[in-house]
Amino acid sequence: MYLSEKVTSIIRRAISNLNQIIDTDIEIEVPRIKDFGDFSTNVAMKLAKKLHQPPMDIARSIVEELQQAKPIILKAEAVKPGFVNLWISPNEITNVIHQILSEAEEYGRVNVGNGKRVLVEFVSANPTGPLHIGHCRNAVVGDSIARILKFAGFNVEREYYFNDAGAQMQNLGKSLRARYLQLLGKDEPIPEDGYYGEYLVDIARALVAEKKDSLLHSNDIDFFTAFATKHILDSIKTDLADLKVEFDHWVSESWFHRQGKVDEVIDELKRRNMAYEKDGALWLKTTQFGDEKDRVLVKSNGEKTYLAPDIAYHKNKYERHYDQLINVFGGDHHGYIPRLKAAIQALGYDPQKLRCLVIQMVTLKKGEETMRFSKRKGGFITIREMLDELGSDVVRFFFLMRTIDSQLVFDWELAKDTSIDNPVYYVQYAYARSCSLFKKAQEEKINLNLSGISQANVNLLTLPEEQSIIKHLALFPDVVRRAAEVLEPQFITAYLRVLTSAFHNYFTAGTKNPEYRIVLPDNPELTYARLALVRALQIVIRNAMSLISVSTPEKM
RNA sequence: GCGCCCGUAGCUCAAUUGGAUAGAGCGCCGGACUUCGAAUCCGUAGGUUGCAGGUUCGAGUCCUGCCGGGCGCGCCA
C-alpha cells in the first residue's frame with residue numbers, strides 16, 4: 001500500500017469512527033507551504049455541506065480521532081477554513097524508498113482501471129498523404145494516454161481507423177496515375193481535386209521501378225489506388241513507430257463495406273425508424289439526440305457519406321464489449337462528435353461509454369512565420385521532418401507539456417535549440433547526473449552491491465532536501481491515478497519537472513556544502529542511504545518517462 | 001448568426017477537476033564552479049486571473065451577459 005493510500009484510509013477510518021456516512025472521496029494533497037504539514041485534506045469542508053455543520057467543527061473532530069493513529073500520524077491540526085493538516089512520522093516517509101526499490105518498474109502502478117477493457121482510437125488519419133505536425137500531437141497524446149491507462153490498471157487496446165474507401169481514394173489513384181505517366185514522359189495533369197504532394201512522385205517512381213511502362217495504357221484506377229494506399233500506410237506506420245507510437249489494431253473502412261456491415265447498419269437504422277428519405281438522400285435523425293441538424297447517410301447519387309461506415313465501425317466497437325471507448329479527435333473535428341454520439345444512441349447503445357477527447361490545434365512558428373494546420377489546407381511539416389530534425393524525445397515531450405484543450409504553438413527554433421524552453425533536457429540531465437553518482441561511488445571504491453543499498457538505513461535521510469524528494473517520490477502513484485482519471489499526460493511531464501528540480505536542488509547543495517554530498521567515502525552508511533534515495537529517484541524517473549515514452553540516457 | 005475550446009507576469013504555460021498567500025520556465029537584473037556533471041542552483045523584480053454581475057464559508061475554476069482569439073457549422077473526409 002502506498003503512503004498516500006495509508007493516509008487516506010486513516011482519515012477514512014477517523015471519519016467513520018465519528019459515525020458519519022462518507023460519500024465523499026477523500027483527497028489529500030501536499031501543501032505548498034511547509035507549515036501546513038506533510039499532507040493535508042479538505043474533507044471537512046466537503047462534508048460541511050452534506051452534514052450542515054461548520055467545517056471547523058468537523059475538522060476538529062477528525063483531528064480528535066486522529067490522535068489514535070499515533071504511530072503514523074505524528075500530529076494533526078485543524079486550521080482556518082477547515083483544513084486538516086497532517087504531519088507524518090519521518091520513518092513512514094523514508095520507508096517509501098525501500099518500497100520503491102523493491103517494486104522497481106512496478107512502482108506507481110495503481111488500480112483505478114481494475115482490469116476494465118478500454119479501446120483508444122487515435123490518429124486515424126486518411127492514407128492519402130504523410131502524417132504531419134497536426135497529426136503528431138494527436139499521436140503522441142493518444143499513445144501516452146494509452147500507456148498511462150495501462151499503468152493505471154486498465155486493459156488497453158489501441159486502434160487506428162483509416163478511410164481507404166470512397167471518392168477521395170479514387171482521386172488518390174488518379175493522382176498517382178498522373179504522376180506515373182508524367183515520369184514516363186506523358187503530359188498528364190493531376191485531377192482538379194487530386195493530391196499534388198511530392199510524396200506521390202516518390203511513389204510513382206517506385207511504381208515505375210516495379211512495373212516499368214506496362215501500365216502506360218491502364219485505366220485500372222483501383223490498382224493505382226491500392227498501390228498508393230499501401231505505400232502511404234507503410235510510411236505512416238514507419239513514422240509512428242519511430243515516434244514510438246504503437247497500435248494493436250489497424251482497422252480499414254473498406255473492410256466494413258466489403259463485409260456488408262455498412263448496408264447492415266443502415267438497414268438497422270431504418271428498421272429502428274431512425275432514418276428517412278428526403279431529396280433523394282437517406283437522412284439519420286440525429287436531432288432526436290441533440291445534434292443541430294439531421295445528417296445524410298446515403299447521398300442522392302447513391303454514395304455513402306463518411307458518417308455511414310463510421311457508424312458501422314462504432315457499432316463494431318460496441319459489439320466487442322469494451323468497458324470504455326476513447327476517441328481522440330483533432331480540434332477541427334469537434335463538431336462531428338454530437339452526430340457520432342447521436343448515431344450511437346440511434347442504435348440503442350450507451351453514449352456514456354464513449355469518451356471523446358478533443359486535442360486543440362497546433363500552430364507552427366518558424367521564425368516570424370506562423371502556419372496553421374487544419375487538415376484540409378496544404379503546406380505542412382511532416383512527422384518525418386520533425387523526427388529527422390528534432391528526434392522523438394523532443395517532439396513527444398514538447399507536445400505533452402500542455403493541457404490537451406489549449407492551443408499549442410510549436411516554436412520550431414525553440415525546439416531545435418537544445419535547452420531553453422525545452423525541459424526534456426532538464427529532466428534527462430537530472431537522470432544522467434544521477435547516474436554519474438554511481439560512477440563516482442565506484443571510483444571511490446564504495447561497494448555498490450545491491451544489498452548495500454537495499455539494506456540502507458534510510459532513516460539517516462533527514463535533510464529537508466532529502467525529505468522533499470522523498471515526498472515527491474511518494475506522490476507518483478497519485479499523479480498516475482489523476483492523469484488516468486482526467487486523461488491528461490501533461491500531469492506526467494509537469495511532475496517530472498518538479499521532481500527533477502528537487503533533485504537538482506539537492507545535488508547543488510552538495511557542491512556548496514561537503515556534508516550534503518551524496519558520495520561520502522568516509523561515511524559509507526550515509527552514502528548507502530543517499531544512494532538508495534538516488535536509486536529510487538531513478539526508478540521513478542524511468543517509470544514516469546516510460547509513460548510518455550521518452551528515453552532516459554545515462555550520459556548526454 | 002449558432003455551437004465548442006481558449007483568454008492568468010513582457011513571452012510560453014501551470015494551478016491536484018470549488019480550497020489556504022495564483023505558481024513555474026524563458027527573458028531582465030544580481031549572485032554560486034580548486035570538490036559527486038554549471039544542460040545546474042540561489043536571489044530580485046514582474047498580477048484588478050479579458051470586462052461586468054451572480055452562486056457560497058471560499059471562485060482563475062461554476063452560472064449569465066459582454067469583449068477578444070481559434071475551430072466547426074457540406075449530399076467533404
Side-chain angles (χ1 to χ4, degrees), chain A residues 27-33 35-36 40 42 45-46 48-49 54-56 79-83 85 125-126 128 163 166-168 193 253 278-283 292-293 295-301 303-307 310 330-338 358 360-361 363 372 374-376 401-403 405-409 411 414 418-423 425-426 428-430 432-441 443-444 475 478-479 481-482 485-486 488 490-491 494-495 497-498 501 503-512 514 516-520 527 530 534 555-556:
Chain A
E27 293 168 28
I28 60 168
E29 60 176 355
V30 176
R32 265 196 339 278
I33 295 164
D35 295 345
F36 293 163
S40 83
N42 60 0
M45 291 181 285
K46 287 249 159 84
K49 263 177 199 152
M56 271 306 280
V79 111
K80 280 190 286 181
F83 287 98
N85 296 340
N126 297 344
T128 53
N163 301 101
Q168 51 158 358
D193 40 7
E253 177 194 344
K278 193 182 90 180
D279 303 332
L282 185 71
W283 297 72
E292 291 171 345
K293 49 177 289 194
R295 308 291 172 175
V296 172
L297 290 170
V298 183
K299 305 182 211 171
S300 52
N301 67 5
E303 283 176 17
K304 280 126 188 160
T305 61
Y306 174 84
L307 180 61
D310 205 23
D332 52 347
H333 284 71
H334 70 267
Y336 182 73
I337 296 170
V358 177
Q360 286 304 325
M361 302 263 86
T363 309
R372 172 142 293 112
S374 82
K375 225 163 156 186
R376 308 285 135 60
M401 272 163 45
R402 288 153 173 88
T403 53
D405 54 4
S406 80
Q407 286 160 216
L408 187 153
V409 177
D411 189 326
L414 222 46
T418 57
S419 59
I420 316 294
D421 228 3
N422 198 336
Y425 297 113
Y426 183 91
Q428 288 181 327
Y429 179 59
R433 227 181 184 186
S434 74
C435 290
S436 73
L437 288 166
F438 288 90
K439 283 175 215 137
K440 174 76 181 172
E443 286 163 18
E444 299 288 349
L475 222 55
D478 272 7
V479 172
R481 181 179 51 76
R482 274 197 48 80
E485 282 167 358
V486 300
E488 272 288 3
Q490 187 264 343
F491 275 46
Y495 170 74
R497 295 167 78 175
V498 173
S501 168
F503 172 69
H504 280 309
N505 198 314
Y506 178 44
F507 187 97
T508 309
T511 67
K512 291 175 179 154
Y516 278 37
R517 302 185 90 198
I518 290 155
V519 179
L520 299 162
T527 300
R530 290 181 173 174
V534 176
K555 271 187 285 191
M556 20 188 328

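All figures in this text were calculated on a predicted structure; none of them were measured in a lab. Within every chain, numbering begins at 1; the chains are lettered A, B, ... in the order of the sequence lines, protein sequences first and strands thereafter.
Atoms CG (A/Asn42) and C1' (B/U17) sit 12 Å apart, rounded to a whole Å. When the P atom of B/G70 is taken as reference, atom NE2 of A/His334 falls 14 Å away, rounded to whole Å. Remark: P of B/C73 and CG of A/Asp332 are 9 Å apart, rounded to the nearest angstrom.
The side chain to side chain donor-acceptor pair (under 3.5 Å) search around A/Glu292 returns none, not counting sequence neighbours. In this structure, the side chain to side chain donor-acceptor pair (under 3.5 Å) partners of A/Tyr336, at least two apart in sequence or on a different chain, are A/Asp310. Remark: A/Glu488 pairs with no residue by the side chain to side chain donor-acceptor pair (under 3.5 Å) rule, at least two apart or across chains. Partners of A/Lys512 by salt bridge (Lys or Arg N to Asp or Glu O under 4.0 Å), not counting sequence neighbours: none found. Contacts of A/Glu443 classified as salt bridge (Lys or Arg N to Asp or Glu O under 4.0 Å), with partners at least two apart in sequence or in another chain: none. A/Arg481 meets the salt bridge (Lys or Arg N to Asp or Glu O under 4.0 Å) test with A/Asp478, A/Glu485; sequence neighbours excluded. Residues meeting the ring pair (Phe, Tyr, Trp, His ring centres under 6.0 Å) test with A/Tyr506, sequence neighbours left out: none. With sequence neighbours left out, A/Asn163 forms a side chain to side chain donor-acceptor pair (under 3.5 Å) with A/Glu253. Scored by the salt bridge (Lys or Arg N to Asp or Glu O under 4.0 Å) test, A/Glu29 finds no partners at all (sequence neighbours excluded).
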Heavy-atom protein contacts under 4.0 Å, nucleotides 40-46 of chain B, coded B base, S sugar-phosphate only, - none
SBS----
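Stacking between A/Phe83 and B/G19 is absent: the aromatic ring centre is not both under 5.5 angstrom from the base six-membered ring centre and within 30 degrees in plane angle. A stacked arrangement is not assigned to A/Tyr336 and the six-membered base ring of B/G72, the conditions of a centre distance below 5.5 Å and an interplanar angle below 30° not being jointly met.
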Extract from the structure each pairing of a protein N or O with an N or O of nucleotides 58-61 of chain B at less than 3.5 Å, listing the distance.
residue : atom : partner : partner atom : Å
B/G58   : O6   : A/Lys49 : NZ           : 2.8

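The side-chain tip of A/Arg497 does not point at the ring of A/Tyr426 from less than 6.0 angstrom away and within 45° of straight on.
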Given the rule that a pair is Watson-Crick or G-U wobble with both distances under 3.5 Å, how would you write RNA chain B in dot-bracket, using | for pairs to a different strand?
(((((((..((((.....[...))))..((((.......))))......(((((..]....))))))))))))....
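The main-chain N or O of A/Leu520 is found under 3.5 Å from a side-chain atom of A/Thr527 such that the two form a donor-acceptor pair.
Ranked by how close their nearest RNA chain B nucleotide is to the 5' end, A/Ser300 and A/Gln360 are led by A/Gln360.
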